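Below you'll find the structure, written out as structure tokens, and then a few comments.
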Amino acid sequence: MSEDTAPGAPTIVKCLVWDLDNTLWQGILLESGEVTLADELRAVIVELDARGILQSVSSRNDHDLAWARLEALGVAEYFVLPEIGWGRKSDAVRRIAETLNFALDTVAFIDDQPAERAEVAYHLPQVRCYPAETALTLTGLAEFSPPRRTVDSRRRREMYQAGFQRDAERAGFLGPDEDFLRSLELVMRIGRATEQELTRVEELTLRTSQMNATGVHYSDETLRGLLRDPGHEVLVASLTDRFGPHGAVGVILVEKHPDVWHLRLLATSCRVVSFGAGSTLIAWLAGQAARAGVHFLADFRPTDRNRMMEVAYRFAGFDEEACDCRDALTAPGADGVQRLHLVPAEWAGSSTVRLDAPDLAGVAPAR
């Protein structure tokens, strides 16, 4: 199942790979030199982009000529990681998926040639293949219709493009990793979720498995109820750097009691693991709890994918210590959930990330 997909829904396509000749445009570039892009197909490209579906190219063509034509047609900016050359298209599609770190069943391919579709389908059976004549119908298909459209989904391509620039600079950086992170001028903003942000919060609980402490999904209805509960804090974290925004990268759900804070949910985007986003959030929360003079309990349910989250908790000092503060909480509502305990200490702050965050310790706990 795609990480964008709600239970029972079809797997959502996260990247569509286009052929060019007689697929994206009409005509064969190397034969006539003149090709055209129908307005209706241009609208499909723009709409898929607005839905947060990335688009790329796999085409047998001269790279410079084809890319120049895409630029002249005004659509080059919509395509990431274009593969324009003379190799097998299945190899090109595989490279695109691997670079994006997308599962193959979230990638689609469209081409006017049955032989090309068959070649991709043979080598990459998980990839869905579509004939060119279906191009104008794609936006009406369930697999190209994510259930939610958020601010982040509308700029997903731009965030990935900024990420490619960031990765290229990182590859050429010769100093320590901490120095590179400081050079990014990272700013993390943490704020109380608004009604408008709740859809993105729910999306994060659905999308994130590697950095989700419990794997529990919170519905929009549940989150709205907690937003109105003075005993809970529903927080959203976003991250920016000098290359641009990473978007919303974390969601936090804290239940506050007089003597203990209960971290019911912490989920961060896998895209920002290397920037220490999860560890920064845990350290900040622990520091806030210390200032409030309370113990800190965090729910954690180990899975085969969230080992990194467990490491972050353990590194922060959480353990299974028995403590009377546990008596204030009801039993976990999901099977396999552990309650990790911490007597928090004040936090001096991050050496690599500038934080803009509220003062949770100054809010009176629910009684």
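Keep in mind that what you see is a predicted model, and the values were worked out from it rather than measured.
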Just so I know, are the side chains of C15 and I53 near enough to count as touching, which here means a heavy-atom distance under 4.5 Å? no

Under 3.5 Å, side chain of R42 to main-chain N/O of L73, donor-acceptor pair present? yes

Classify the angle between the aromatic ring planes of F318 and F296 as parallel (below 30°), tilted (30 to 60°) or perpendicular (above 60°). tilted

Between H295 and H341, does the ring centre distance come in under 6.0 Å? yes

Between D167 and R170, does any NZ, NE, NH1 or NH2 come within less than 4.0 Å of an OD or OE carboxylate oxygen? no

F300 side chain near E310 side chain, heavy-atom distance below 4.5 Å: yes

Is there side-chain contact between L70 and W25, with at least one heavy-atom pair below 4.5 Å? yes

Would you say L355 and I190 make side-chain contact, with heavy atoms under 4.5 Å? yes

In plain terms, say whether D21 and R60 are close enough for a salt bridge, that is, a side-chain N and a carboxylate O under 4.0 Å apart. no

Any W18 side-chain heavy atom under 4.5 Å of I45 side chain: yes

Using the test side-chain contact (heavy atoms from CB on, under 4.5 Å), find all partners of L65 that sit at least two apart in sequence or belong to another chain. L29, L30, D62

Students should find that the hydrophobic cluster of V260, defined by side-chain heavy atoms under 4.5 Å apart, otherwise consists of L297, L329

Side chains of R166 and H246: does their closest heavy-atom pair fall under 4.5 Å? yes

I would like to know whether F144 and Y130 meet ring-ring contact (aromatic ring centres under 6.0 Å, His included); could you show each step before the answer? CA-CA 12 Å; F144 290 92; Y130 300 82; 5.6 Å; yes

Donor-acceptor pair, side chain of S56 and main chain of L81, under 3.5 angstrom: yes

Under the side chain to side chain donor-acceptor pair (under 3.5 Å) test against H123, which residue among K89, R94, R88 passes? R88

Does T23 reach the main-chain N or O of D111 with its side chain, forming a donor-acceptor pair under 3.5 Å? no

Taking the side chain as everything from C-beta on, heavy atoms only, tell me whether L54 gets closer than 4.5 Å to R156. yes

Would you mind reporting whether R354 and L186 have side-chain heavy atoms less than 4.5 Å apart? no

Taking 4.0 angstrom as the limit, do E98 and R95 come out as a salt bridge? no

When you check the gap from the basic side-chain N to the acidic O, do R314 and E320 get nearer than 4.0 Å? yes

Among L281, L360, V251, L266, which residue satisfies the side-chain contact (heavy atoms from CB on, under 4.5 Å) criterion with L235? L360

If you count heavy atoms of other groups shown closer than 6.0 angstrom to CZ of F315, is the number above 12? no

Indicate yes or no for a side-chain donor-acceptor contact from N61 to the backbone of H63 under 3.5 Å, with no hydrogens or angles considered. no

Are R157 and Y78 in a cation-pi setup, meaning NZ or CZ lies under 6.0 angstrom from the ring centre and within 45 degrees of the ring axis? yes

